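In this chain, numbering begins with 1 at the start of the sequence shown. Quick caveat, the model's predicted, so the values are computed rather than measured.
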Amino acid sequence: MCSDCADPRKTTGRPGAHRRLQATVTAFAIALGAAAADARDLRACADPNNMPFSNAAGQGFENRIAEIVAADLGAKLSYTWWAQRRGFVRNTLKAGLCDLVLGTPTNLEMLRTTAPYYRSSYVFVTRAKDADITSFDDPRLRHMRIGVQLIGDDGSNSPPVQALGRRGIVGHLIGYPVYGDYSAPNPAARIVQAVAGGDIDLAVVWGPLAGYFAGQQKVPLRITPVAPAMDGPLLPMTYDISMGVRREDDAMRSEVDAALTRHKAEIDGILARYGVPLLPATASAAP
């Protein structure tokens with residue numbers, strides 16, 4: 001080993017070289033420190049107990065996609081956790097606690113949304129060995145125990161409940177609050193577990209939730225998109241899903257939108273791994 005290599009003065013042959021080298025190293029360290037201090041934060045608003053979408057351990061598909069967006073923007077990802085109930089946007093995004101809602105219906109009026117990064121549907125969930133139901137108009141529904149999701153703390157009817165009610169199919173409906181028992185893990189899974197356990201004959205469930213939890217059951221389950229996709233002029237069963245920012249934050253919206261577009265193939269792969277039933281996206285966010 002060269003005995004002089006550890007001494008910059010001997011390497012350069014000039015007494016002042018060591019001081020100049022020290023100054024260069026110091027300046028570089030200061031620059032690195034300044035860059036770290038100025039590192040951008042991507043502050044996401046999310047639910048800490050809402051699989052398969054998100055949880056505090058970062059295991060949901062929205063968490064995975066948020067990581068992709070943050071990396072694309074050169075940002076550090078952080079979260080404001082809040083149960084996704086009524087007032088979620090008001091208490092998080094609009095309160096200034098975070099800047100990006102990870103999964104929201106496209107063109108939701110209170111937000112400025114990106115172009116959709118996936119489109120899905122409500123689905124029928126049945127045991128694979130049982131009848132294959134594909135339509136709200138199937139007469140067999142009148143004699144089946146049907147699990148339905150109730151949305152909101154006040155138990156507001158979900159679109160499938162309204163579709164069944166329009167047909168007079170109300171006598172055998174069993175409601176499962178979409179939020180479930182929030183003190184337990186995976187509270188929204190109960191409706192799918194009820195199909196697997198034989199407590200109900202069929203469930204009508206939002207597709208991403210159904211696809212994820214159906215794959216975890218010991219009993220094989222069948223997932224079938226409901227029909228019709230639009231039940232009457234104002235009752236859609238399929239929805240485009242985007243990310244959302246504050247209405248005035250057009251710059252953030254454009255950045256996130258571009259990141260989602262650049263990583264579409266990777267995002268589609270994540271959604272497929274989580275069992276999300278995917279349909280071709282048709283809607284676009286307002287400019």
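For T238 and R119, the side-chain atoms include at least one donor-acceptor pair closer than 3.5 Å. Side chain to side chain, N63 and Y79 meet the donor-acceptor criterion of an N or O pair below 3.5 Å. Defined by atom type and a distance below 3.5 Å, a donor-acceptor pair is missing between the side-chain atoms of S78 and R43.
Residue R246 comes nearest to R112 through the heavy atom pair O-CB, 3.7 Å, listed as atom of the first residue, atom of the second, then distance.
Here CE of M51 is found 6.5 Å from CG of N186. Values are rounded to the nearest 0.5 Å. Distance check: T224 OG1 to I133 CD1 gives 9.0 Å after rounding to the nearest 0.5 Å.
Within the 4.5 Å cutoff, the side chain of V204 has heavy atoms near those of the F124 side chain. Contact check for L141 versus I146: side-chain heavy atoms found under the 4.5 Å cut-off.
T113 contributes no side-chain N or O that, together with a main-chain N or O of T106, makes up a donor-acceptor pair within less than 3.5 Å.
Under the side chain to side chain contact (heavy atoms under 4.5 Å, CB included) rule, P208 has a single partner from V123, L271, V276, I241, which is V276.
Taking the six-membered ring where the residue is Trp, F61 and Y118 present perpendicular rings, their angle passing 60° and hence far from 30°.
Electrostatic pairing of D249 and R253 does not count as a salt bridge here, judged by no charged N lying under 4.0 Å from a carboxylate O.
A ring-centre distance under 6.0 Å is not found for F53 and Y274. Ring centroids of W82 and F88 are separated by 6.0 Å or more, keeping the two rings apart.
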